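One structure is given below, encoded as structure tokens.
Remember, predicted model here, so these are calculated numbers, not experimental data. A, B, ... follow the sequence lines: proteins, then strands. Residue 1 opens every chain.
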Number of protein chains: 2
Amino acid sequence: MAKHDPNLDLLFHALSDPTRRMMLARLAEGSAAVSELAGPTGLRLPTILRHLSVLEEAGLIATQKDGRVRSCALQPQALAPMRDWLEEQRRVWEARLDRLDDYVMNLMKERNK
Amino acid sequence: MAKHDPNLDLLFHALSDPTRRMMLARLAEGSAAVSELAGPTGLRLPTILRHLSVLEEAGLIATQKDGRVRSCALQPQALAPMRDWLEEQRRVWEARLDRLDDYVMNLMKERNK
DNA sequence: TGTATGGTTAGCAATATGGCTAAGCATGAT
DNA sequence: ATCATGCTTAGCCATATTGCTAACCATACA
């Protein structure tokens with residue numbers, strides 16, 4: 001288990017912004033140029049470029065320049081670490097729920113009030 | 001599909017910090033007081049309180065005061081929206097991969113160079 | 001009552017984030 | 001060669017984030 005996974009930091013942070021999630025949603029329909037991504041957001045190109053670099057550093061997309069247009073594509077496998085983390089949490093959290101000691105302690109506290 | 005889900009903003013942002021994930025990991029072993037959470041992190045109490053409020057606003061934990069000690073507990077169902085989002089993305093992204101048109105277009109572009 | 005303990009609030013400092021404009025660079029079309 | 005297009009860079013501004021200290025409650029305990 002990673003104690004301090006910088007990968008997860010970058011992933012979660014990249015996904016915490018609605019604009020970036022919107023861009024990912026657009027890319028889910030197919031690769032797109034930078035301007036195409038900017039269009040629906042109403043934001044300026046430099047801003048979009050910044051978001052792009054965040055997404056790219058998180059490994060969520062890959063970009064490549066073709067002539068004077070940069071084309072951006074999803075990197076679907078990038079979500080794997082997050083899925084693993086989520087699965088791990090679900091496992092542990094539910095294990096806790098099964099043991100129920102926490103729940104019972106709360107009940108008892110409530111009762112002794 | 002939520003275009004602008006503030007819930008997801010809060011969730012992802014809350015999880016993007018290693019200290020907060022560490023606190024969640026501790027809470028997975030059972031409820032804990034504020035000081036207990038602070039201990040392993042080496043951070044001061046006010047800092048921890050700030051992290052706690054981020055986690056609480058994201059719905060990831062619930063806290064309640066009992067005497068002079070505040071006890072913090074996981075809210076496991078809080079991860080559901082994130083799991084849903086992840087599932088949705090996986091579905092769409094993989095659908096894209098199945099169609100493969102993107103991949104083929106890249107190939108053709110590469111070839112025409 | 002007094003004192004230690006656990007938490008809280010206020011406020012500061014440094015850095016990061018998210019937006020912009022203005023200006024520049026490179027490529028494709030005329 | 002010129003010009004439009006698409007992206008890029010530099011730099012500014014406002015706000016948010018993450019850490020801290022110092023001072024302040026409020027509850028338990030002697």
Side-chain angles (χ1 to χ4, degrees), chain A residues 4-24 26-27 30-58 60-73 109 112-113, chain B residues 3-24 26-27 30-58 60-73 109-110 112-113:
Chain A
H4 214 262
D5 193 339
N7 212 312
L8 281 182
D9 290 19
L10 292 178
L11 258 183
F12 282 127
H13 174 248
L15 295 173
S16 73
D17 185 283
T19 300
R20 286 193 287 266
R21 288 200 308 275
M22 192 185 315
M23 292 165 71
L24 289 180
R26 166 62 189 79
L27 287 178
S31 297
V34 176
S35 315
E36 283 180 279
L37 286 175
T41 69
L43 297 177
R44 302 295 186 175
L45 275 188
T47 306
I48 293 299
L49 276 179
R50 197 140 201 118
H51 283 305
L52 274 181
S53 92
V54 171
L55 289 171
E56 194 162 16
E57 277 179 30
L60 283 163
I61 68 169
T63 80
Q64 114 194 30
K65 209 155 176 186
D66 213 354
R68 68 184 156 173
V69 39
R70 174 172 303 277
S71 132
C72 314
K109 272 183 190 162
N112 292 342
K113 252 194 201 162
Chain B
K3 287 227 159 186
H4 213 263
D5 193 340
N7 212 313
L8 280 183
D9 291 19
L10 292 178
L11 257 183
F12 281 127
H13 173 248
L15 294 173
S16 74
D17 185 282
T19 300
R20 287 193 287 265
R21 289 201 307 277
M22 190 185 316
M23 291 164 71
L24 288 180
R26 166 62 189 79
L27 286 178
S31 298
V34 176
S35 315
E36 283 180 280
L37 287 176
T41 69
L43 298 176
R44 302 296 186 172
L45 275 189
T47 306
I48 292 299
L49 274 180
R50 194 130 204 123
H51 284 303
L52 274 181
S53 93
V54 170
L55 289 170
E56 194 163 15
E57 277 179 30
L60 283 162
I61 67 169
T63 79
Q64 114 193 31
K65 208 154 175 187
D66 212 356
R68 68 183 158 171
V69 39
R70 174 173 304 276
S71 133
C72 313
K109 271 185 191 161
E110 209 59 46
N112 292 343
K113 250 195 201 161

Any side-chain N or O of [X] under 4.0 Å from OP1/OP2 of [N]?
| X | N | value |
| --- | --- | --- |
| B:R70 | C:dT8 | yes |
| B:T47 | D:dC20 | yes |
| B:R50 | C:dT9 | no |
| A:H13 | C:dT17 | yes |

**Message:** For a stem of at least 3 consecutive Watson-Crick or G-U pairs with distances under 3.5 Å, i pairing with j, i+1 with j-1 and so on, which stems involve DNA chain D?
**Reply:**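 Runs of three or more consecutive pairs: C:1-30 with D:1-30.
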
Would you say that [X] contacts [Y] through its side chain, given a criterion of any heavy-atom pair below 4.5 Å between the two side chains?
| X | Y | result |
| --- | --- | --- |
| A:L11 | B:L15 | no |
| B:D17 | B:M22 | no |
| A:H13 | A:R20 | yes |

Which of these nucleotides, [options], is closest to any side-chain atom of [X]?
| X | options | answer |
| --- | --- | --- |
| B:D17 | C:dG18, C:dA22, D:dT18 | D:dT18 |
| B:R44 | C:dA22, D:dT18, D:dC20 | D:dC20 |
| A:L49 | D:dT9, C:dT8, D:dG19 | D:dT9 |
| A:H51 | C:dG18, C:dT8, D:dT8 | C:dG18 |

Expressed in angstrom and rounded to an integer, what is the separation of [X] atom [atom1] from [N] atom [atom2]?
| X | N | atom1 | atom2 | answer |
| --- | --- | --- | --- | --- |
| A:K65 | D:dT9 | NZ | C1' | 12 Å |
| B:E36 | C:dT5 | CD | C1' | 14 Å |
| A:L45 | C:dA26 | CG | C1' | 15 Å |

**Request:** Kindly indicate whether the side chain of A:R68 and the base of D:dT5 share any N or O donor-acceptor pair separated by less than 3.5 Å?
**Result:**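 Such a pair exists between side chain and base.
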
**Request:** Between B:P46 and B:V54, just flag the one whose closest nucleotide in DNA chain D comes earlier from the 5' side.
**Result:**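 It is B:V54, whose closest nucleotide lies nearer the 5' terminus.
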
**Request:** Inspect the surroundings of CZ in A:R26 and state if more than 12 heavy atoms from other residues, nucleotides or ligands are less than 6.0 Å away.
**Result:**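 For A:R26, atom CZ is crowded (more than 12 foreign heavy atoms under 6.0 Å).
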
